[in-house]
Colleague: 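Just passing along the structure, written as structure tokens.
In this chain, numbering begins with 1 at the start of the sequence shown.
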Amino acid sequence: MENQQSDLEGDRQYCELCGKMENLLKCGRCRSSFYCSKEHQKQDWKKHKLICKDMDKLLLPKEKPGEGPPPGDSKKHREKRNSEQSDSATLPQTPNTDAPADRDEEVGSPTTPTANGQTSLSPQKLATECIVPCMNKHGICVVDNFLGADTGLGILENVKALYKTGRFTDGQLVSQKSDSTKDIRGDKITWIEGKEPGCEKISFLMSRMDDLIRHCNGKLGNYTINGRTKAMVACYPGNGTGYVRHVDNPNGDGRCVTCIYYLNRDWNAKEHGGLLRIFPEGKAQFADIEPKFDRLLLFWSDRRNPHEVQPAFSTRYAITVWYFDADERARAKEKYLTGAGEKGVKVELNKSSDSS
């Protein structure tokens, strides 16, 4: 850990264990949690390790449109930086350690927490011990190996078969339907309730998402979640199309949590592109999320998380579900009913079991 001298991105800082707000030390791995002493860090490690992952460079300095790489990210700077520290440029697996990190990461590159490698946790523990603290602190959470390879492959087969039926149509914008839509988003989509023939594995995924959200309910911000949309199954055909920077819920339509499941085996972002880039509000970094197979991503749906899908050069599949806050959804229904509202009509959370 290192002494913390000033506010980090304006966040309120306090000891994760006792709440003390003075003379704090910063966790050297995630660089986003604080403790008043190393002893308190050690005492809190069993809980903190679930969200403290060595995820170097998942969050990167922002660059303005039309500009080159951020300062310090040139080849010369990267070579110098690599010679000075042993940071990895990839997204590593969860370290198999029960001891807290006490080393420094690159200054200015805090990390987005992940539940990577935590699939042995029950849905309740995954929700309450990882997703809730991740979301409340960072507004973004990544869960790798969510359902396991066999189940993921079954879902992928459902999606591929569905795509072959020709049911997918061009993705539309929430606020408009115009000739310019294809310049904004290039995905093909279809909406799934979960009861359709041939969608049994997709239905299982939706039920597991519901399990997690049910266990999180009442603990995610100030939200009370009482329903969700149907599942939007999306495919980027791999012809270089993406989705420009946007906000899922810019106007208070009720959606509070975006939940995305990725189905892309052996994805190589350098070759295939297709990164989801999130620009957390008020932060000097952005988060690049690779659409890796069996990866679950959650983030706040409102203006706190503008994001874009970068051009994809290989077929890219994802399934997205949005969860509704009861109060905001009720207010939105009073104000208007849009095409997006009709597609996003509330669906009660599946009453599925927590068993695998």
Side-chain angles (χ1 to χ4, degrees), residues 7-17 19 21 30 32-34 44 47-48 50-52 58-59 110-115 118 121 123-143 146 174 208-229 246-261 276 278-283 285-287 289 296-307 320-335 340-341 344 346-349:
D7 284 349
L8 176 65
E9 303 297 334
D11 288 344
R12 180 176 181 267
Q13 297 166 4
Y14 53 86
C15 177
E16 298 285 348
L17 190 66
M21 299 179 67
C30 70
S32 59
S33 292
F34 299 85
D44 194 51
K47 176 182 176 182
H48 180 58
L50 298 176
I51 61 172
C52 179
L58 182 57
L59 276 177
T111 60
T112 295
T114 173
Q118 297 297 324
L121 292 177
Q124 182 175 5
K125 282 187 174 292
L126 181 60
T128 59
E129 295 182 10
C130 180
I131 292 175
V132 167
C134 262
M135 289 292 288
N136 287 335
K137 191 171 185 66
H138 302 277
I140 306 169
C141 187
V142 177
V143 181
F146 178 50
V174 170
R208 292 309 298 268
M209 288 178 172
D210 288 353
D211 285 343
L212 285 181
I213 296 299
R214 189 181 300 108
H215 289 305
C216 291
N217 211 359
K219 305 180 184 72
L220 289 174
N222 296 317
Y223 296 124
T224 299
I225 297 174
N226 69 338
R228 57 162 170 78
T229 65
H246 66 284
V247 172
D248 285 351
N249 175 17
N251 300 312
D253 63 21
R255 291 177 292 172
C256 59
V257 175
T258 300
C259 193
I260 308 176
Y261 181 72
L276 180 73
I278 304 178
F279 304 85
E281 184 183 50
K283 301 293 183 181
Q285 294 84 25
F286 54 77
I289 313 295
L296 185 71
L297 169 67
L298 303 94
F299 57 89
W300 302 132
S301 305
D302 58 20
R303 293 177 183 271
R304 285 172 287 182
N305 284 315
H307 55 281
T320 304
V321 170
W322 288 272
Y323 288 88
F324 290 125
D325 172 63
D327 290 341
E328 184 180 313
R329 186 62 178 167
R331 291 194 300 269
K333 284 184 176 180
E334 291 178 2
K335 292 180 179 178
K346 187 180 77 175
V347 178
E348 295 298 330
L349 272 61

Colleague: Checking ring pair (Phe, Tyr, Trp, His ring centres under 6.0 Å) against His307, which of Phe286, Trp300, Phe299, Phe279 comes through?
Modeller: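 Of the listed options, the one satisfying the test is Phe299.
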Colleague: Heavy atoms only: give me the nearest Gly254-Asn249 pair and the separation to one decimal.
Modeller: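 Minimum heavy-atom separation between Gly254 and Asn249: N-ND2, 3.7 Å.
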Colleague: Please report the closest heavy-atom contact between Leu212 and Pro123, naming both atoms and the distance.
Modeller: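 Between these two residues, the closest heavy atoms are CD2-O, 3.5 Å.
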Colleague: Please report the shortest heavy-atom distance between Leu220 and Met135, naming the atom on each side.
Modeller: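 Of all heavy-atom pairs spanning Leu220 and Met135, the closest is CD2-CB, 3.8 Å.
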Colleague: Give the intermediate values and the outcome of side chain to side chain contact (heavy atoms under 4.5 Å, CB included) for residues Phe324 and Arg255.
Modeller: CA-CA 4 Å; Phe324 290 125; Arg255 291 177 292 172; 3.5 Å; yes
Colleague: Would you please test His215 and Leu126 for side chain to side chain contact (heavy atoms under 4.5 Å, CB included) and show each step?
Modeller: CA-CA 9 Å; His215 289 305; Leu126 181 60; over 6 Å; no
Colleague: Report yes or no: does Asp325 contribute a side-chain atom to a donor-acceptor pair with the main-chain N or O of Thr224 at less than 3.5 Å?
Modeller: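 Side chain of Asp325 to backbone of Thr224, a donor-acceptor pair under 3.5 Å: yes, one is there.
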Colleague: Considering residues at least two apart in sequence or located in another chain, which fulfil the salt bridge (charged side-chain N to carboxylate O under 4.0 Å, His left out) criterion with Arg303?
Modeller: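 Per chain and number, Arg303 pairs via salt bridge (charged side-chain N to carboxylate O under 4.0 Å, His left out) with no residue.
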Colleague: Before giving the answer on side chain to side chain contact (heavy atoms under 4.5 Å, CB included), spell out for Ile140 and Leu297 the whole-Å C-alpha distance, their side-chain angles and the decisive distance to 0.1 Å.
Modeller: CA-CA 7 Å; Ile140 306 169; Leu297 169 67; 3.8 Å; yes
Colleague: Using atom types as modelled and distance alone, determine if a side-chain donor or acceptor of Asn305 lies under 3.5 Å from a backbone N or O of Ile278.
Modeller: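 Looks like no, no N/O pair under 3.5 Å.
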Colleague: Does Ser301 have any side-chain hydrogen bond (donor to acceptor under 3.5 Å, both in side chains) partners at least two apart in sequence or in another chain, and if so, which?
Modeller: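 Thr258.
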Colleague: Check salt bridge (charged side-chain N to carboxylate O under 4.0 Å, His left out) between Asp302 and all other residues, then give those that pass, not counting sequence neighbours.
Modeller: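 Expected list: Arg304.
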Colleague: Tell me which one of Asp253, Thr229, Asp248 satisfies side-chain hydrogen bond (donor to acceptor under 3.5 Å, both in side chains) with Trp322.
Modeller: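 When side-chain hydrogen bond (donor to acceptor under 3.5 Å, both in side chains) is applied between Trp322 and each of Asp253, Thr229, Asp248, only Asp248 qualifies.
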Colleague: State, to 0.1 Å, how close Ala332 and Gly252 come at their nearest heavy-atom pair, and which atoms those are.
Modeller: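 So the two residues come closest at CB-O, 3.4 Å.
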Colleague: Determine whether Tyr223 and Asn217 satisfy the following criterion, side chain to side chain contact (heavy atoms under 4.5 Å, CB included), listing intermediate values before the conclusion.
Modeller: CA-CA 8 Å; Tyr223 296 124; Asn217 211 359; 5.9 Å; no
Colleague: Distance check, rounded to the nearest 0.5 Å: Glu129 atom CD versus Cys134 atom SG?
Modeller: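 One finds 12.0 Å between CD of Glu129 and SG of Cys134.
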Colleague: For the atom pair SG (Cys256) and CD1 (Ile213), what is the distance rounded to the nearest 0.5 Å?
Modeller: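 It comes to 7.5 Å.
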Colleague: Could you give the distance from CG (Asp210) to CD1 (Ile225), rounded to the nearest 0.5 Å?
Modeller: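 Answer for the CG-CD1 pair, Asp210 versus Ile225, is 10.0 Å.
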